[in-house]
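To start, the structure under review is shown below, and the notes come after it.
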There are 2 protein chains.
Amino acid sequence: MEYTVQKLGLLAGVSTRTLRYYDEIGILKPARINSSGYRIYGQTEVDKLQQILFYKELGIHLDKIKDIVNSPSFDAAAALSEHREQLLDKRLQLDKLIANVEKTIASNEGRITMKDKEKFEGFKQKMVQDNENKYGKEIREKYGDDVVNKSNEKVLNMTQSEHDEVTKLSVDLLTTLAEAFKTGDPAGKLAQKAAELHKQWLTFYWNEYSNEAHAGLAQMYVDDERFTAYYDKDQPGTAKFLRDAIYIYTGMKQ
Amino acid sequence: MEYTVQKLGLLAGVSTRTLRYYDEIGILKPARINSSGYRIYGQTEVDKLQQILFYKELGIHLDKIKDIVNSPSFDAAAALSEHREQLLDKRLQLDKLIANVEKTIASNEGRITMKDKEKFEGFKQKMVQDNENKYGKEIREKYGDDVVNKSNEKVLNMTQSEHDEVTKLSVDLLTTLAEAFKTGDPAGKLAQKAAELHKQWLTFYWNEYSNEAHAGLAQMYVDDERFTAYYDKDQPGTAKFLRDAIYIYTGMKQ
DNA sequence: TTTAAACCTTTACGTTGCGTGAAGGTCAAT
DNA sequence: ATTGACCTTCACGCAACGTAAAGGTTTAAA
């Protein structure tokens, strides 16, 4: 089946302007241009547009989507199952928001009381997600287009010994961090050693390292409950402590 | 509890820039300005910000949110239970998308086949929602700020006799439409009578009527599966037929 | 056959919701 | 008294299109 801009637009629920824009920025080129200069799309483009819309739904920026779907190593099947995971995540977040609104209603009716902080639960998660998206873009801008793809490759191509090493590193990090936390001084020797170990651990996953990126990740550890829970498991406040240590280590504040 | 920009920003997960912008456009003014010119927010503002974020989550534009939350007749409790409804709707839509991605995976693995149209299920619903938002904005721009609120009031304040009348109207509409559909001519007398009845029915819900708005709604009947299912129940194609009749009746095409 | 409606094209300016400096004042702690 | 983390007001930048404007193409009806 072949489609003109409007046909494809109607099919997919996007405007003709959007399709022209996607052509313009090189994210979705038509299969061919007919003799009158009309854009003609085919089966490949239909499937690609679907992928694009999935990524968009997940809040990914178009330039990032472009890199992903146009990458020669793009694996549509893998992308789809990741979409599934992410959409399920998104639903969990939505459930939090629904819980929030229901709690707020109960609170307004005087049935329960609610702290200010609780009133924004479910919103924050979204912010972390946005940061992750933005983050990927920044790396891309600073270090070129292939870094993010390479990052994934790096994990996949890790040998057994590398895997062992990284595991040992993360154990070292956790014990050092636990000891450092007891000193209470994020600028102290132990804390700075922990930050250093964290950097080493990080370089297993990133090809390029930068202070900003490191500091950014540290902040994420505090913002994202999953990470906070992981680091705070034994001693609450550890995630924050690690962040402060990294701030000092990298010389960054924000 | 009192908050400065950064405190409130951290609490709610928004940037300080956002809070200043919300002040600038008049959507969320601080409770007071202290002697140094700092913005100070109180309890009222915390709750209002929560409301704003709920509306934002639902994809409502800021100028519309402004109208809503600043309206003297704004009912926070009612708004919250509407948020709940909408969030539940949103979750249903997400479920559709998840079903879509799972079907696509199955299709790629050759376990099922999938029509192009099916590949975009779950996305389209969102488009309708966006149209509704845009739509409300257009009405607001054209007829002033109170029309949308009044529209809700109108439904709530309907007397029993009015309710009976509107019920009768919708029955008339359906029978006339069914007959008109058999003629196959949306410009014909019967079809135009149906369009007229539809207009009368509409004026029970809208205080202000316009050809554009009417035509817009007609298009929605075709785009939104819930409406299509309703009108096509006995004779498939009726929703489209009604749209065409309304296009002719109103003299609109798009 | 012509003519109107419904397509398509490119070009180009407008919009929303902020991000991101710059330049400078305020406050708390050392 | 100085440093660093706050705060302020401009003011420009940006993404992802929306929305004409001006004009060529296709289709179907008169």
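A, B, ... follow the sequence lines: proteins, then strands. Residue 1 opens every chain. Quantities reported herein were computed from a predicted structural model and do not represent experimental measurements.
- Residue B:K7 is the one, among B:K7 and A:N34, whose nearest nucleotide of DNA chain D lies closer to the 5' end (criterion: closest heavy atom).
- The base of C:dT20 lies close enough to the side chain of B:R17 for a donor and an acceptor atom to sit less than 3.5 Å apart.
- Regarding A:I27, its CD1 atom lies at a distance of 13 Å from the P atom of D:dA15, rounded to whole Å.
- We find that CG of B:D23 is positioned 12 Å from P of D:dC10, with the value rounded to whole Å.
- Counting only distance, with no hydrogens or angles, the side chain of B:E45 and the backbone of B:G42 share a donor-acceptor pair below 3.5 Å.
- Note on A:S15: a side-chain N or O is less than 4.0 Å away from OP1 or OP2 of D:dG18.
- A side-chain donor-acceptor contact under 3.5 Å links B:K66 to the backbone of B:I25.
- As a whole-Å value, the separation of B:L8 CG from D:dC6 C1' is 15 Å.
- Side-chain proximity of A:T18 to C:dC18, D:dC7, D:dG18: nearest is D:dG18.
- The phosphate of C:dG17 has neither OP1 nor OP2 within less than 4.0 Å of any side-chain N or O from B:K66.
- Between the CD atom of B:Q6 and the P atom of C:dT26 there is a distance of 18 Å, rounded to whole Å.
- Residue contacts shown for A:T16 are absent, as no nucleic acid heavy atom lies under 4.0 Å away.
- Spacing between atom CG of B:L49 and atom P of C:dC18 amounts to 11 Å, rounded to whole angstrom units.
- Rounded to whole Å, atom P of D:dA16 lies 12 Å from atom NZ of A:K64.
- Of the candidate nucleotides C:dC18, C:dC8, C:dT9, C:dC18 has the atom nearest to the side chain of B:L62.
- Nucleotide D:dC7 holds its P atom 18 Å from the CD atom of B:E24, rounded to whole Å.
- Within 4.0 Å (heavy atoms only), A:R39 reaches sugar-phosphate atoms of the nucleic acid but no base atom.
- A donor-acceptor contact closer than 3.5 angstrom is absent between the side chains of B:S71 and B:D67.
- Scanning atom types as modelled, no donor and acceptor separated by under 3.5 angstrom connect the side chain of A:Y21 and the base of D:dG18.
- When only modelled atom types and interatomic distance are considered, B:Q50 and A:D116 share no side-chain donor-acceptor pair under 3.5 Å.
- Note that CD of B:E118 is 11.0 Å distant from CG of A:L11, once rounded to the nearest 0.5 Å.
- Side-chain N/O atoms of A:T4 include one lying less than 4.0 angstrom from OP1 or OP2 on C:dC8.
- Computed from coordinates, the B:H61 NE2 to C:dC18 P distance equals 12 Å when rounded to whole Å.
- Nearest nucleotide to the side chain of A:Y38, out of C:dG17, D:dT8, D:dT26: D:dT26.
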